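Taking it in order: structure first as structure tokens, then the write-up.
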Amino acid sequence: MFSTSSQRKFWTFSDESEIARHREKHNLEYISKHGQHIDEYQRYNFFLSPEEERLLLKQYELHLKEFCKRFMPPMPKGVVGTAFHYFKRFYLYNSSMDYHPKEILATCVYLACKVEEFNVSIGQFVANIKGDREKASDIILNNELLLMQQLNYHLTIHNPFRPVEGFLIDIKTRCTLANPERLRSGIDEFLEKVFLTEACLLYAPSQIALAAVLHAASKEQENLDSYVTDMLFRDAGQDKLAILIEAVRKIRSMVKMVESPARERVRIIEKKLDRCRNQENNPDSEIYKRRMREALDEDDLPHTGSSRMSLDTSGISQVLSPSAS
Amino acid sequence: MDDQACPRCKTTKYRNPSLKLMVNVCGHALCESCVDLLFLKGSGSCPDCNVPLRRSNFRVQLFEDSMVEKEIDIRKRVLKDFNKKEEDFATLREYNDYLEEIETIIFNLANNIDVVGTNKRIEQYKKDNKEIIMKNKAKIGREELELEEILEIEKQMEELRRAEVIKMEEEAKKQKIREKEALIDELMFADGDAKGILSTFAQTVANKQEEAVPVLPKVTQFSSGVKFTRGSGQQPLPFIEEGPLYKYEAPPQPDRVGPDPPSVQAIVNNGYLRHVRAETETEKAGGYSSTLPCLRALQDALSGLYHAS
């Protein structure tokens with residue numbers, strides 16, 4: 001139940017400024033840690049600003065959506081929602097310069113598959129990734145434990161999908177609305193966009209679901225206000241109703257504001273990121289390869305000459321993954 | 001037997017039938033009188049090998065071959081320290097190795113092979129296994145004590161039974177005498193036919209014997225000789241104080257932060273199930289019912305609606 005969940009306790013914030021504060025803090029932390037040798041002025045040209053990070057992550061949220069949409073075998077909506085939650089939560093307390101969103105994105109989806117009991121093996125999973133698949137599986141498995149740690153092992157996610165079903169059942173039973181099933185397409189469209197906003201870090205899944213239902217109804221030129229006021233909130237006070245109305249309004253306006261970031265800007269930011277990212281966590285960098293080699297040698301494991309690790313040793317490399325830095 | 005002779009005074013069993021040969025740790029025999037003579041002061045050396053000996057360590061030679069005696073002696077001494085049991089080893093193999101080692105040590109000592117080295121080995125072992133040796137010694141001591149106790153009890157029981165039998169026999173004897181006297185009295189003073197009196201008496205004696213089936217002593221032990229209750233060791237089971245019986249209380253319902261969802265009853269009665277996929281026969285067998293997902297969806301929909309940041 002959401003009311004007693006870790007999601008409500010630790011991952012639902014009071015307002016957007018609180019979220020922004022967290023992000024800014026970790027942006028500044030990264031800059032102060034890695035930018036000691038660069039003078040004040042140059043720093044802002046070299047590192048990403050909080051706004052740039054935000055834009056970049058928005059772009060990667062779009063990538064995440066696309067990746068899940070094209071995933072074979074097709075994945076249930078719950079996995080997508082959970083992956084989005086993980087992705088957003090991870091970058092609340094980490095900078096995208098420290099861990100490249102490309103890598104965290106795949107790890108989030110992989111972990112979400114596991115948690116939502118959508119059974120795909122790592123081999124099946126990386127078949128959906130373009131490029132070097134073996135390297136991808138190494139990266140995902142290396143980052144999996146780090147991701148769980150950063151999520152503080154709060155892995156259960158309350159998605160708005162089941163509440164939507166609940167509302168539809170309730171509406172069908174208690175309302176006179178004709179054919180509520182026609183709301184579905186509107187609801188799905190709304191929920192897809194909701195995950196591109198901060199709404200899931202601010203509101204209860206049932207509030208998001210209700211916003212989706214109300215939005216879809218208004219698109220169909222139906223009015224469900226009386227259902228909300230006379231049925232759902234009949235016994236609750238006016239103050240509670242007011243809170244809900246405000247929440248629904250905010251969620252709907254957030255969804256309306258969703259826009260994909262300008263491609264040109266993102267391209268510049270990505271280039272900038274390539275230079276300022278933490279090389280210790282970059283699997284292509286020399287420093288990362290050297291450390292992995294050292295870690296392998298330390299454990300007295302037979303290594304095959306190349307720095308790339310095979311899947312069998314991934315258990316060890318996970319422990320020695322970049323999170324150790 | 002005839003050639004059994006004291007090596008010192010050359011007395012043989014033939015000349016002195018009460019000859020008793022004694023041996024000490026070194027394994028060389030002496031007759032009892034020679035021991036008395038030589039070890040007047042309590043200690044001295046063996047006339048054969050000059051090993052210093054103590055008088056108190058002399059024992060009667062049980063075996064003809066004095067080597068066997070010596071070996072037994074050594075064995076006794078070694079086993080006092082090498083007292084591990086099979087339970088002290090992880091595997092049978094280890095235990096067997098240990099036994100083998102003991103035998104090697106005993107053989108070496110008995111045959112004077114590398115005596116210094118072997119003694120060193122024993123010392124080393126003693127040092128290494130001090131605790132286990134002490135523990136096992138105590139254990140063996142305890143076991144012996146228990147055994148002695150059982151023997152003592154058995155002895156007592158035996159005595160008791162014997163006394164009982166003797167008492168009964170005496171009782172029977174007295175009874176017989178009394179009966180005889182009564183019969184003679186009757187024959188002397190009664191006026192009836194002597195034959196009749198005899199027959200009636202024979203009758204009563206027979207009756208009495210039937211009656212006097214010996215009273216069995218009270219059974220206090222199993223047929224194996226173990227007492228029903230052993231005085232020490234076994235206490236009656238301690239009575240455990242039990243608190244009040246456990247009473248189930250339904251766990252408190254957490255705050256749902258939303259309107260109350262309909263109860264299971266309401267879901268069934270108010271037609272919610274019309275909008276949920278009905279369960280199949282197979283699913284029913286597994287305990288699934290469509291009320292469950294329906295209730296869960298409704299609960300999830302309503303929980304958290306009042307959530308305020």
Side-chain angles (χ1 to χ4, degrees), chain A residues 1-5 7-9 12-19 158-175 180-181 198-199 201-213 228 231-237 239-248 250, chain B residues 90-91 94 243-309:
Chain A
M1 202 180 306
F2 171 75
S3 61
T4 52
S5 63
Q7 183 172 341
R8 180 172 186 225
K9 208 166 170 192
T12 305
F13 298 91
S14 53
D15 55 7
E16 280 165 303
S17 65
E18 195 184 346
I19 297 173
H158 293 264
N159 278 309
F161 304 113
R162 189 177 287 114
V164 163
E165 298 305 322
F167 282 126
L168 286 180
I169 293 172
D170 203 31
I171 289 168
K172 285 174 193 169
T173 312
R174 295 204 284 180
C175 273
E181 279 299 318
E198 318 286 16
L201 292 173
L202 294 169
Y203 298 104
S206 56
Q207 290 172 329
I208 296 172
L210 188 58
V213 171
V228 176
M231 299 214 179
L232 290 180
F233 280 74
R234 198 184 54 206
D235 303 327
D239 48 335
K240 281 174 180 158
L241 184 61
I243 289 169
L244 179 87
I245 289 170
E246 175 61 17
V248 168
K250 272 301 290 266
Chain B
T91 61
E94 274 172 51
L245 287 177
Y246 176 76
K247 225 177 177 176
Y248 174 76
E249 276 166 25
Q253 284 292 324
D255 183 14
R256 293 175 193 281
V257 202
D260 286 329
S263 65
V264 178
Q265 204 60 45
I267 284 178
V268 175
N269 293 339
N270 296 358
Y272 281 98
L273 292 180
R274 262 182 288 135
H275 308 292
V276 187
R277 182 179 66 85
E279 70 269 4
T280 63
E281 287 296 317
T282 340
E283 283 166 346
K284 246 188 223 168
Y288 173 86
S289 106
S290 53
T291 40
L292 295 174
C294 180
L295 179 65
R296 190 162 177 211
L298 287 168
Q299 274 176 347
D300 267 16
L302 300 178
S303 158
L305 271 187
Y306 297 164
H307 173 79
S309 41

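Reminder, nothing fancy here: chain letters follow the sequence lines and each chain counts from 1. It should be emphasised that the depicted structure is a prediction, and the values quoted were computed from it without experimental measurement.
Qualifying side chain to side chain contact (heavy atoms under 4.5 Å, CB included) partners for A/A212, counting only residues two or more places apart in sequence or in other chains: A/I187, A/F190, A/L191. Residues satisfying the side chain to side chain contact (heavy atoms under 4.5 Å, CB included) criterion with B/Y248, sequence neighbours excluded, are B/Y246, B/A250, B/P251.
Using a 4.5 Å cut-off between heavy atoms, A/L168 does not touch chain B at all. The part of A/I243 that comes within reach of chain B is its side chain, from C-beta onward, which places non-hydrogen atoms under 4.5 angstrom from that chain. Looking at A/A236, both its backbone and its side chain come within 4.5 Å of chain B, counting heavy atoms on both sides. Residue contact with chain A, scored on non-hydrogen atoms closer than 4.5 Å, involves the side chain of B/V276 exclusively. Heavy-atom distances place both the backbone and the side chain of A/L232 under 4.5 Å from chain B.
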Under 3.5 Å, which donor-acceptor pairs link chain B and chain A? Put them in a table for me, please.
{"residue": "B/D255", "atom": "O", "partner": "A/S3", "partner atom": "OG", "Å": "2.7"}
{"residue": "B/Y272", "atom": "OH", "partner": "A/D170", "partner atom": "OD1", "Å": "3.1"}
{"residue": "B/H275", "atom": "NE2", "partner": "A/K172", "partner atom": "O", "Å": "3.4"}
{"residue": "B/D300", "atom": "OD2", "partner": "A/R162", "partner atom": "NH1", "Å": "3.4"}
{"residue": "B/S303", "atom": "O", "partner": "A/S206", "partner atom": "OG", "Å": "2.8"}
{"residue": "B/L305", "atom": "N", "partner": "A/S206", "partner atom": "OG", "Å": "3.4"}
{"residue": "B/L305", "atom": "O", "partner": "A/Q207", "partner atom": "NE2", "Å": "3.1"}
{"residue": "B/H307", "atom": "O", "partner": "A/Q207", "partner atom": "NE2", "Å": "2.7"}
{"residue": "B/H307", "atom": "ND1", "partner": "A/R8", "partner atom": "NE", "Å": "3.1"}
{"residue": "B/S309", "atom": "OG", "partner": "A/S14", "partner atom": "O", "Å": "3.2"}

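B/L305 places a side-chain heavy atom less than 4.5 Å from the side chain of A/F233.
Among all heavy-atom pairs drawn from A/P163 and B/A301, the shortest one is O-CB, 3.4 Å.
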